[in-house]
Amino acid sequence: QVQLVESGGGLVQAGGSLRLSCAASGRTFTNYAMGWFRQAPGKEREFVASVNYSGRATIYADSAKGRFTISRDNAKNTVYLQMNSLKPEDTAVYYCAADSRPSCAGYVCFQGSYGSWGQGTQVTVSS
């Protein structure tokens, strides 16, 4: 499986921005679709965004549309999540995920034997 390490989380005021990064290693990066999920305290993990192997196809949860941008740099084996106009309800642990089906898209991906997950990075948005 591919190994994933997230970074870039932190504390930010409402309206601010953060950029999360996820560095992948251990497998050919372009063999994987990549995604971001988040889990807030007391809530189930939820899909945020995904990008296919080439970076040309992206899908966003409604909560992320217009504020978040997912991208990947295949030369650096890294996927990013640019988060703008952050709200207190965006507070969560954010997880990077990889799916071994490189064109897989959306929340149905990254599950079971197809999925690999990072350890998560905390994002806290203060009001």
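- Using modelled atom types, no side-chain atom of Q111 and backbone atom of G115 make a donor-acceptor pair closer than 3.5 Å.
- Under the 4.5 Å side-chain heavy-atom criterion for Ile, Leu, Val, Met, Phe, Trp and Tyr, M83 and V12 are members of the same hydrophobic cluster.
- Residues Y60 and V51 have side chains not in contact (no heavy-atom distance under 4.5 Å, counting atoms from C-beta outward).
- Proximity of a side-chain donor or acceptor of T124 to a complementary backbone N or O of T91 within less than 3.5 Å is not detected.
- Salt bridge absent: D90 and K87 never bring a charged side-chain N and a carboxylate O closer than 4.0 Å.
- With a 4.5 Å cut-off on side-chain heavy atoms, P102 and Y32 do not count as touching.
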Using residues 2-11 as the side-chain source, report each donor-acceptor pair under 3.5 Å to any protein atom, sequence neighbours left out, with the distance given to one decimal.
residue	atom	partner	partner atom	Å
Q3	NE2	Q1	O	2.8
E6	OE1	Q119	N	3.1
E6	OE1	G120	N	2.9
E6	OE2	C96	N	2.8
E6	OE2	G120	N	3.1

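- Judged purely by atom type and a 3.5 angstrom limit, R56 has no side-chain atom pairing as donor or acceptor with the backbone of N52.
- Cluster annotation: L18 and M34 are assigned to the same hydrophobic cluster (Ile/Leu/Val/Met/Phe/Trp/Tyr, side-chain heavy-atom contacts under 4.5 Å, transitive).
- Residue F47 is not grouped with residue I70 when hydrophobic side chains (ILVMFWY) are merged at heavy-atom distances under 4.5 angstrom, including chains of intermediate members.
- Note on Y80: it does not cluster hydrophobically with Y94, by side-chain heavy-atom contacts below 4.5 Å among ILVMFWY residues.
- Counting heavy atoms from C-beta outward, C22 and W36 have side chains that approach closer than 4.5 Å.
- Here the closest heavy-atom approach between residue Y107 and residue F37 is recorded as O-CZ, 4.4 Å.
- Of the residues listed (T30, V79, T28), the one engaging N74 in a side chain to side chain contact (heavy atoms under 4.5 Å, CB included) is T30, and it is the only one.
- Note that OG1 of T58 and CZ of F68 are 14.0 Å apart. Values are rounded to the nearest 0.5 Å.
- With a 4.5 Å cut-off on side-chain heavy atoms, S21 and K76 do not count as touching.
- The minimum heavy-atom distance linking R67 with S85 is given by the pair NH1-O, 3.0 Å.
- Taken to the nearest 0.5 Å, the CZ atom of R45 stands 13.5 Å off from the CZ atom of R38.
- Between S127 and A14, the shortest heavy-atom contact is CA-CB, 4.4 Å.
- Note on V123 and W117: separate hydrophobic clusters, where clusters join Ile, Leu, Val, Met, Phe, Trp and Tyr whose side-chain heavy atoms are under 4.5 Å apart, directly or indirectly.
- Pairing each heavy atom of G106 with each of S50, the nearest pair is N-OG, 3.0 Å.
- Shortest non-hydrogen contact noted between A33 and C104 is CB-O, 3.5 Å.
- For the pair R72 and F29, the cation sits on the ring face: its NZ or CZ lies under 6.0 Å from the ring centre, inside 45° of the axis.
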